[in-house]
Undergrad: 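After the structure tokens below, expect a handful of questions from me.
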Amino acid sequence: GVVHGASAMFVVKDGNGTACIMANFSAAFRMSYETVHGSQNVSFELPPSAEVLNSSSCGGKNASDSSLVIAFGRGHSLTLTFTRNTTRYRVQLMSFIYNMSDTWTFPNASSKEVKNVSSVTDIKADIDKKYRCVSTTQVHMSNVTITLSDATIQAYLSSSSFSKGESRCKQDKPEPSPTALPPAPPSPSPSPVPAESPSVSRYNVSGDNGTCLLASMGLQLNVTYARRDNTTVTSVLNINPNETTASGNCSSLLVTLELQSKKGMVLVLWFGMNASSSRFFLQGIQLNATFPDAKEPTFRATNTSLRALQATVGHSYKCNTEEHIRVTQAFSLNIFRVWVQAFQVEGDRFGSVEECLLDGNNMLIPIAVGGALAGLVLIVLIAYLIGRKRSHAGYQTI
């Protein structure tokens, strides 16, 4: 287990000295890293000496994007990036930068690099209310797990103090009494493969500066889990647009699409941008779902280091061929007939199309077959002409 240290207060102020972000929490870090002797686990806490960096921000125009950057130790930092819409705000992305050359924290590390991991979070609250979570909240980032406890967080403050109203995390909400619930019917075994491909739906995410994401696609989930009888099954689920609520957020370097089903399943896709190459791409996928017949009913999977669906900013990415994206060993996402454009979307219309390699390969097949048939016809014709010439070789004109 991880022993949690004392909570610490962190405040971000604007140029006038007015607080725009306040956070009070304790954080524990648990991670693995490679040493000259193999893999090593390490645990440490956010120390009392941690401080807010000047790179923290109250946001640009309309204060839509803001961030809290906390520095500690020898070159480590924890960043909470906030976004909001008209009714809610959230920690859209939590990032952790750690310096492997810190021999005190990472003794005998085989790498001396500075590394960066990140993940979307479930930390969200209503505007003008604080986020409150006494229970522990874990954020998983590749080889790093960050555990927050006794957290009070608020962004876009209307005054320089926490609001009285609060939005409590789901971990703090009491579970319904088991005796008050009727017995659950037996869960049917999941169908291995749906009879049909998923329906293609159109999604639109807008922010203060207009549309930042336009997408048309069908989505299919492949989830492998262990059942209570210790058998392993793979559940293949289609996202039904008629039973799904879509939302999202826009920021300068991150665009998020969040899909939530009526049964409580949440699928999050977030798109990043490489500013140097001016290309956008599907950077991360996160799935939160519940399977009642599973040994561990709550299923979570996250991958923040993807590089899929890439295209030039201002253009759109299109692929009629089914694309298979492996998120984790237990979860993959199939995307059907995808057409997507992130960040720069003009007039709610797709820009110039950049087609996927899979569609290009499919076009090569009929071309190759046609070329082979043409070559075969040419060979037969040449053989016929040579044979005919030889058949007249023994005759002379009288």
Side-chain angles (χ1 to χ4, degrees), residues 64-65 67 79 81-85 90-95 116-122 124 141-142 200-221 239 244-260 266-288 301-319 323-328 331-357:
S64 57
D65 303 327
S67 61
T79 301
T81 302
F82 296 85
T83 58
R84 72 174 182 182
N85 54 28
R90 66 183 300 164
V91 178
Q92 182 63 37
L93 194 69
M94 183 179 292
S95 305
N116 189 346
V117 292
S118 59
S119 175
V120 295
T121 78
D122 292 329
K124 53 189 174 183
M141 310 174 180
S142 183
V200 175
S201 183
R202 188 180 177 95
Y203 304 99
N204 183 305
V205 177
S206 298
D208 294 334
N209 298 320
T211 301
C212 66
L213 179 69
L214 199 60
S216 175
M217 55 190 171
L219 300 172
Q220 185 180 84
L221 313 178
I239 297 294
T244 303
T245 302
S247 60
N249 287 283
C250 304
S251 65
S252 58
L253 294 176
L254 189 72
V255 171
T256 304
L257 172 64
E258 181 174 312
L259 305 176
Q260 183 167 0
V266 178
L267 176 67
V268 182
L269 309 180
W270 65 94
F271 293 82
M273 178 174 62
N274 186 326
S276 60
S277 63
S278 296
R279 292 182 67 81
F280 72 84
F281 52 90
L282 178 61
Q283 177 180 339
I285 298 175
Q286 178 172 295
L287 174 66
N288 295 337
T302 305
N303 189 331
T304 62
S305 57
L306 301 173
R307 289 295 183 273
L309 315 185
Q310 298 189 45
T312 305
V313 173
H315 293 193
S316 61
Y317 174 90
K318 189 173 185 180
C319 195
E323 295 207 40
H324 179 82
I325 300 177
R326 186 176 185 272
V327 181
T328 65
F331 170 50
S332 60
L333 179 67
N334 296 334
I335 305 181
F336 293 76
R337 296 172 59 191
V338 60
W339 195 2
V340 63
Q341 183 169 342
F343 297 100
Q344 293 183 13
V345 181
E346 298 293 337
D348 291 335
R349 294 190 300 271
F350 288 110
S352 301
V353 173
E354 295 184 15
E355 293 188 355
C356 63
L357 293 176

Undergrad: Give the minimum heavy-atom separation between L309 and F271, together with the two atoms involved.
TA: CD1-CE2, 4.3 Å

Undergrad: Which atoms form the tightest heavy-atom contact between S118 and T304, and what is the distance?
TA: O-CG2, 2.6 Å

Undergrad: Return the CD to CG distance between Q283 and L269, rounded to the nearest 0.5 Å.
TA: 12.0 Å

Undergrad: Can you find a heavy atom in the side chain of L287 that is under 4.5 Å from one in the side chain of V327?
TA: no

Undergrad: Does T312 reach the side chain of R279, with side-chain heavy atoms less than 4.5 Å apart?
TA: yes

Undergrad: Please examine the side chains of L219 and I335, heavy atoms only from C-beta on, and report whether any two atoms are closer than 4.5 Å.
TA: yes

Undergrad: Can you give me the closest heavy-atom contact between V205 and S247, atom names plus distance?
TA: CG2-O, 4.3 Å

Undergrad: Provide the closest heavy-atom pair for L93 versus W270 in the form atom of the first, atom of the second, distance.
TA: CD1-NE1, 4.4 Å

Undergrad: Side chain to side chain contact (heavy atoms under 4.5 Å, CB included), that's the test. Do V268 and T256 meet it? Break it down for me.
TA: CA-CA 7 Å; V268 182; T256 304; 3.6 Å; yes

Undergrad: Is the shortest heavy-atom distance from the side chain of L213 to the side chain of C250 under 4.5 Å?
TA: no

Undergrad: Rounded to the nearest 0.5 Å, what separation is found between the CG atom of L333 and the CE atom of M217?
TA: 8.0 Å

Undergrad: What pair of heavy atoms forms the shortest contact from Q341 to S316, and how long is it?
TA: OE1-CB, 3.6 Å

Undergrad: Mind checking whether T302 and I285 have side chains closer than 4.5 Å, heavy atoms only?
TA: no

Undergrad: Check for a donor-acceptor pair, side chain of R90 on one end and backbone N or O of T121 on the other, with a separation under 3.5 Å.
TA: yes

Undergrad: Atom CG of N204 and atom SG of C212: how far apart are they, to the nearest 0.5 Å?
TA: 8.0 Å

Undergrad: Determine, step by step, whether I325 and L306 satisfy the side chain to side chain contact (heavy atoms under 4.5 Å, CB included) criterion, reporting the C-alpha distance in whole Å, the side-chain angles of both residues, the deciding distance to 0.1 Å, and the verdict.
TA: CA-CA 9 Å; I325 300 177; L306 301 173; 4.1 Å; yes

Undergrad: Any side-chain heavy atom of Q92 sitting closer than 4.5 Å to one from S251?
TA: no

Undergrad: Applying side chain to side chain contact (heavy atoms under 4.5 Å, CB included) to T245 and E258, what does each step give before you reach the verdict?
TA: CA-CA 8 Å; T245 302; E258 181 174 312; over 6 Å; no

Undergrad: In chain order, what residues pass the side-chain contact (heavy atoms from CB on, under 4.5 Å) check against S201, with sequence neighbours excluded?
TA: Y203, P241

Undergrad: So which heavy atom on N274 is nearest to which on F281, and how close?
TA: N-CE2, 3.8 Å

Undergrad: Return all side-chain donor-acceptor pairs below 3.5 angstrom for residues 344-351, not counting sequence neighbours, or 'none' if the list is empty.
TA:
from, atom 1, to, atom 2, distance (Å)
D348, OD1, T211, OG1, 2.3

Undergrad: Just how far is it from atom CG of L267 to atom OG1 of T244, taken to the nearest 0.5 Å?
TA: 9.0 Å

Undergrad: Taking the side chain as every heavy atom from C-beta outward, state whether W339 and V353 have any atom pair closer than 4.5 Å.
TA: yes

Undergrad: Rounded to the nearest 0.5 Å, what separates atom CG in D208 from atom CZ in R84?
TA: 7.0 Å

Undergrad: Are S332 and N334 close enough that a side-chain donor and a side-chain acceptor fall under 3.5 Å?
TA: no

Undergrad: Within the structure provided, determine whether V255 and F343 are in side-chain contact (heavy-atom separation under 4.5 Å).
TA: yes

